[in-house]
Chemist: 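For reference, the structure I am asking about is given below.
Everything numeric here is computed off the predicted structure, so don't read it as measured data. Below, chain A is the first sequence line, B the second, and so on; all start at residue 1.
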Protein chains: 2
Amino acid sequence: MQQPFYNHPKHFLSVDCVIFGYRESELHLLLYNRNFEPLKGQWSLMGGFVQESETVEEAAGRILYQITGLKDIYLDQVQVFSKSDRDPGARVVSIANYALIRMDFNDKDLWNDHGAVWWPIQQLPELIFDHRDMVTAALEKLQHKANYTLIGQELLPEQFTIIQLRSLYEAIFQCSLDSGNFRKRILSLKVLERLDNKDKTGSKKGAYYYKYKTNDATAKVDRIVRLIL
Amino acid sequence: MQQPFYNHPKHFLSVDCVIFGYRESELHLLLYNRNFEPLKGQWSLMGGFVQESETVEEAAGRILYQITGLKDIYLDQVQVFSKSDRDPGARVVSIANYALIRMDFNDKDLWNDHGAVWWPIQQLPELIFDHRDMVTAALEKLQHKANYTLIGQELLPEQFTIIQLRSLYEAIFQCSLDSGNFRKRILSLKVLERLDNKDKTGSKKGAYYYKYKTNDATAKVDRIVRLIL
DNA sequence: ACAAAAGTGTTTCGGCTACACCCATGC
DNA sequence: GCATGGGTGTAGCCGAAACACTTTTGT
């Protein structure tokens, strides 16, 4: 069955990143406008080729760093896309990843230089190749993650209110959640710590800020949102 | 950021298959004994290289066909493994997949020729490279799938009893499940159909055989086993 | 009749839902 | 005071867990 290496073909390997951000009760994606041929002017995910000595994860991190100037971004593998005609230029096998970043914590100049623009996820432009499928698969994976770990550290500011967290969940799952029940469920996980200051922008009373307690916020929990009814 | 294709390296791309089977209340893996150097005589997952014109899924299907003689095997992508030193022979990026097959439905000669042997998952031999990590990741993915769809079509015979199905779930999740509650939960999904014949091997009374109703057995359901307590 | 496994019923408990209600504050 | 959003309380319901109980049949 097996043959020596040199009898087998080699492939271009690329990494495409579905970069999620959150602002004003809506999920956003960071897309970029291709400033080179082919398909110049069209919208695409951030991507690049895997180099000789790096892992897929390192390649994705490198690409994110080039565009955002940020290191240690949360990254998760989604799926391999390998249809041989997916990229008309050449046979390229691509590994889709998704990343979570705080939209405010970024160097605007850097991504402006790259032609990167945040798009609300409900109104995405047309994307090249199979990038739209990558977005769909990445969103599913994000939903799953959000359901089994308390997400938000990566997408929200250091301090956030329970209301902001609920809005984030509503944006991720595209459904409305009962405010009282959501609060109780989240607080029962005991991973958030209430701070003394309040966010007064939303009301006169003000809403307490919370932050993640320790770094054990990655602890797995039973599902937060019941998806199938 | 982007450069033309020809400035980027190409990579060997392989596919490794974690092949699950089920027999006698235990999950098994189909492993093979390398009959070629390097590492001749050591145990490994089934694998092979992705060819020029095939997708990753096709490559995995082809490899499974070579070993089992079966087509249309259930296959699911697990994860990409890309550490540059994972295969000491060369830099090979590998995509782990898992497959589900019925252990009885197979051509023994075919896999004997390939040096393939079923191992109970509790007593696996040492595996080469990072194949052990692949098994772990595949099992997690299988657990997730089994929790959200009624699995078994791929692993059990056409006809099976609820008791067999429960044993399968106990093998997958490595825990014991209350027999009455499991039965009620499964039947409430309304995807199984009771047949008129019984399995008399386990008791004098006999246990009714069931089979999957239509092909909508892939319907998603709320979690069957609560994992986090 | 008895044993043993298959299958059903029943009780209890906890958590989730829905919604009503209190709280704090700026105007 | 009262409108507004933040936050808490609660009754009811549903499903899951635990386990007792019934059924079937070979010996």
Chemist: Does a side-chain N or O of B:K200 approach OP1 or OP2 of D:dG26 to a distance below 4.0 Å, or not?
Modeler: yes

Chemist: Could you check how far CZ of A:R185 sits from P of D:dT8, rounded to whole Å?
Modeler: 17 Å

Chemist: Would you kindly give the CG-to-P distance between A:L177 and C:dA18, to the nearest whole Å?
Modeler: 11 Å

Chemist: Can you give me every donor-acceptor pair (side chain of residues 200-208 of chain B, partner residue at least two apart or in another chain, under 3.5 Å) with its distance?
Modeler:
{"unit_1": "B:T201", "atom_1": "OG1", "unit_2": "B:D199", "atom_2": "OD1", "d": "2.7"}
{"unit_1": "B:T201", "atom_1": "OG1", "unit_2": "B:D199", "atom_2": "OD2", "d": "3.3"}
{"unit_1": "B:S203", "atom_1": "OG", "unit_2": "B:G206", "atom_2": "N", "d": "3.0"}

Chemist: Within this structure, what is the CG-to-P distance between B:L165 and C:dA6, rounded to whole angstrom?
Modeler: 14 Å

Chemist: Restricting to nitrogen or oxygen on both sides, can you table the protein-nucleotides 7-11 of chain C pairs closer than 3.5 Å?
Modeler:
{"unit_1": "C:dG7", "atom_1": "OP1", "unit_2": "B:Y208", "atom_2": "N", "d": "2.8"}
{"unit_1": "C:dG7", "atom_1": "OP2", "unit_2": "B:R183", "atom_2": "NH2", "d": "2.3"}
{"unit_1": "C:dG7", "atom_1": "O5'", "unit_2": "B:R183", "atom_2": "NH2", "d": "3.0"}
{"unit_1": "C:dG9", "atom_1": "O6", "unit_2": "B:K184", "atom_2": "NZ", "d": "3.1"}
{"unit_1": "C:dT10", "atom_1": "O4", "unit_2": "B:K184", "atom_2": "NZ", "d": "3.2"}

Chemist: Return yes if a side-chain donor-acceptor contact under 3.5 Å exists between B:N197 and B:Q159, otherwise no.
Modeler: yes

Chemist: Is any NZ, NE, NH1 or NH2 atom of the basic residue among B:R166 and B:E170 found under 4.0 Å from an Asp or Glu carboxylate oxygen of the other?
Modeler: yes

Chemist: Does either side chain, that of A:Q122 or that of A:Q174, offer a donor lying less than 3.5 Å from an acceptor on the other one?
Modeler: yes

Chemist: Assess, by modelled atom type and distance only, whether the side chains of A:Q153 and A:E158 contain a donor and an acceptor separated by less than 3.5 Å.
Modeler: no

Chemist: Hey, would you say the A:Y210 and A:F160 ring centroids sit under 6.0 Å apart?
Modeler: no

Chemist: Could you state the atom-to-atom distance from CD1 of B:I186 to C1' of D:dA16 in whole Å?
Modeler: 14 Å

